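Worksheet: the structure to be examined is printed underneath.
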Amino acid sequence: MPPSNQPAALHKGGQSRLAFVIDSSFAFPSLSVNPANFDFHCHSVISDGLLPPAVVAGRAAANGVDLWALTDHDDLGGLVEARAAADELGMDFVNGVEISIEWKSIPIHIVGLGFDAAHPALCGGLESLRQGRIERARRMGEALAAIGIPGVFEGALAYATNPSLISRAHFARYMVSIGIARDLPGIFQHYLTPGKPGYVDHRWVTLGDAIGWIKAAGGVAVVAHPGRYKAMSNGDQRRFLDDFKDLGGQGIEVTCGSHSPDHVLHFARLARHYAFHASRGSDFHGPEESYVDLGKLPPLPEDLKPVWRLLR
Ligand code: AMP
Ligand code: MN
Ligand code: MN
Ligand code: MN
């Protein structure tokens with residue numbers, strides 16, 4: 001069977017629970033149980049998380065997660081290890097990724113779930129997306145050197161296990177280590193956000209690219225942490241969600257690590273309005289860095305359709 005036929009979506013106890021495969025199409029195996037605690041957003045050292053995929057898996061299971069996705073930024077390199085660890089722990093696993101896009105020049109993240117991780121369109125698209133990161137990081141280093149903070153590119157690189165995924169989080173960790181600010185939020189606020197000296201403009205991929213790759217690989221596209229896009233007016237938010245839906249997007253994070261109770265109410269209303277399925281994800285990066293631990297978010301509002309239903 002060619003790789004694109006292999007459903008890498010859901011899997012438990014070392015056995016693929018594939019329901020059926022039709023011709024060359026990608027089909028989802030069925031879930032045997034309704035998960036009580038799903039977490040579909042977190043990171044490992046493959047992107048800007050602090051723990052290896054298997055350790056993230058162990059933490060998820062220890063925290064009671066029964067259906068889990070690893071969603072590293074722009075890279076699928078942790079999925080094999082994550083799935084194997086989840087199998088060992090008897091925890092259901094879904095392939096995941098968090099894709100960096102821009103829409104009307106606003107950087108936005110799109111989570112992909114339940115896709116075939118060998119699909120050439122998705123793999124090739126992510127490869128092209130990763131290629132820009134080192135060059136962007138060099139320019140960030142130059143911008144910081146110009147305000148009297150030299151060596152930050154090299155310092156940040158030493159914090160990145162996967163250099164092609166060097167991110168602002170690695171810059172922030174290094175800058176905290178040399179005493180530029182006390183914590184990561186302080187570094188982001190003063191140096192690494194739009195208008196601040198270490199922030200450089202960058203071309204990510206389009207919304208259509210990300211949704212197209214995810215769908216081509218048989219997956220489901222979800223808007224990540226919609227409450228975090230401060231540069232978006234309410235009108236932009238509606239236009240963005242219109243575009244997302246028109247392009248085939250199906251889900252939105254309603255409960256997530258960066259959402260306040262008001263955000264949850266607001267995005268639950270939008271999920272109903274657009275008939276989106278709702279997702280829940282901690283966005284866990286590491287023990288000292290995340291507001292919410294794996295599996296520790298409140299449940300979704302009960303009337304919403306949970307996104308895992310699209311994966312069965
Ligand atoms: P990048 O993909 O290189 O633009 O980096 C974005 C990453 O930086 C996010 O995925 C978060 O992990 C981290 N990040 C962004 N904003 C903040 C913030 N205000 N405080 C802490 N971490 C942040
Ligand atoms: Mn991150
Ligand atoms: Mn994100
Ligand atoms: Mn994330």
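One-based numbering, in listed order, for ligands and for the atoms of each. Remember, predicted model here, so these are calculated numbers, not experimental data.
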Using the ring pair (Phe, Tyr, Trp, His ring centres under 6.0 Å) rule, take H41 and H225 through it: C-alpha gap first, then chi angles, then the decisive distance, then the call.
-> CA-CA 10 Å; H41 192 148; H225 44 61; 5.8 Å; yes
Show the numbers, then the answer: is there a ring pair (Phe, Tyr, Trp, His ring centres under 6.0 Å) between F244 and F276?
-> CA-CA 10 Å; F244 176 75; F276 288 146; 5.5 Å; yes
Do F171 and Y159 make the cut of ring centroids closer than 6.0 angstrom?
-> no
Separation between CG of L300 and OG1 of T255, rounded to the nearest 0.5 Å | 4.0 Å
Beyond-backbone contact of S279 with I252, side-chain heavy atoms, under 4.5 angstrom | no
Does R133 reach ligand 1, in the sense of a heavy atom lying below 4.0 Å from it?
-> yes
Heavy-atom distance to atom 20 (N) of ligand 1: which of F171, F188, Y199 wins?
-> F188
Ligand 1 to S100 polar contact by distance, N or O atoms, under 3.5 Å = no
Look at atom 6 (C) of ligand 1 and say which protein heavy atom is nearest, naming residue and atom and giving the distance to 0.1 Å.
-> R168 NH2, 3.7 Å
How many protein N, O or S atoms are found at a distance of less than 2.8 Å from the Mn ion (ligand 3)?
-> 3
Closest protein heavy atom to atom 9 (C) of ligand 1, given as residue, atom name and distance to 0.1 Å = D48 OD2, 3.9 Å
Region of R228 that comes within reach of ligand 1 [heavy atoms, distance under 4.0 Å] | side chain
After noting the C-alpha distance and the side-chain angles of Q250 and L310, does the key distance pass the side-chain contact (heavy atoms from CB on, under 4.5 Å) rule?
-> CA-CA 9 Å; Q250 292 172 282; L310 294 170; 3.9 Å; yes
Report the C-alpha distance between L270 and H266 in whole Å, list the side-chain angles of each, state the deciding distance to 0.1 Å, and finish with yes or no for side-chain contact (heavy atoms from CB on, under 4.5 Å).
-> CA-CA 6 Å; L270 287 173; H266 178 71; 3.5 Å; yes
So, S44 side chain and P52 main chain: donor-acceptor pair closer than 3.5 Å or not?
-> no
Atom name of the N, O or S atom in D48 that lies nearest to the Mn ion (ligand 2) | OD2
Please check if the distance between the ring centroids of H73 and H109 is under 6.0 Å.
-> yes
A student checking ligand 1 against H73 at a 4.0 Å heavy-atom cut-off should list atoms 10 (O)
Taking the non-hydrogen atoms of Q189, is any one of them nearer than 4.0 angstrom to ligand 1?
-> no
Near R136, which atoms of ligand 1 are under 4.0 Å from a heavy atom of that residue?
-> 1 (P), 3 (O), 4 (O)
With atoms numbered from 1 as shown, which atoms in ligand 1 lie under 4.0 angstrom from a non-hydrogen atom of H285?
-> 10 (O), 12 (O)
Using atom types as modelled and distance alone, determine if a side-chain donor or acceptor of D92 lies under 3.5 Å from a backbone N or O of L67.
-> no
H259 (side chain) donor-acceptor with V254 (main chain) under 3.5 angstrom = yes
Within-shell test, H170 vs ligand 1, heavy atom, strictly < 4.0 Å = no
Can you tell me how far the CG atom of L294 sits from the CZ atom of R59, to the nearest 0.5 Å?
-> 7.0 Å
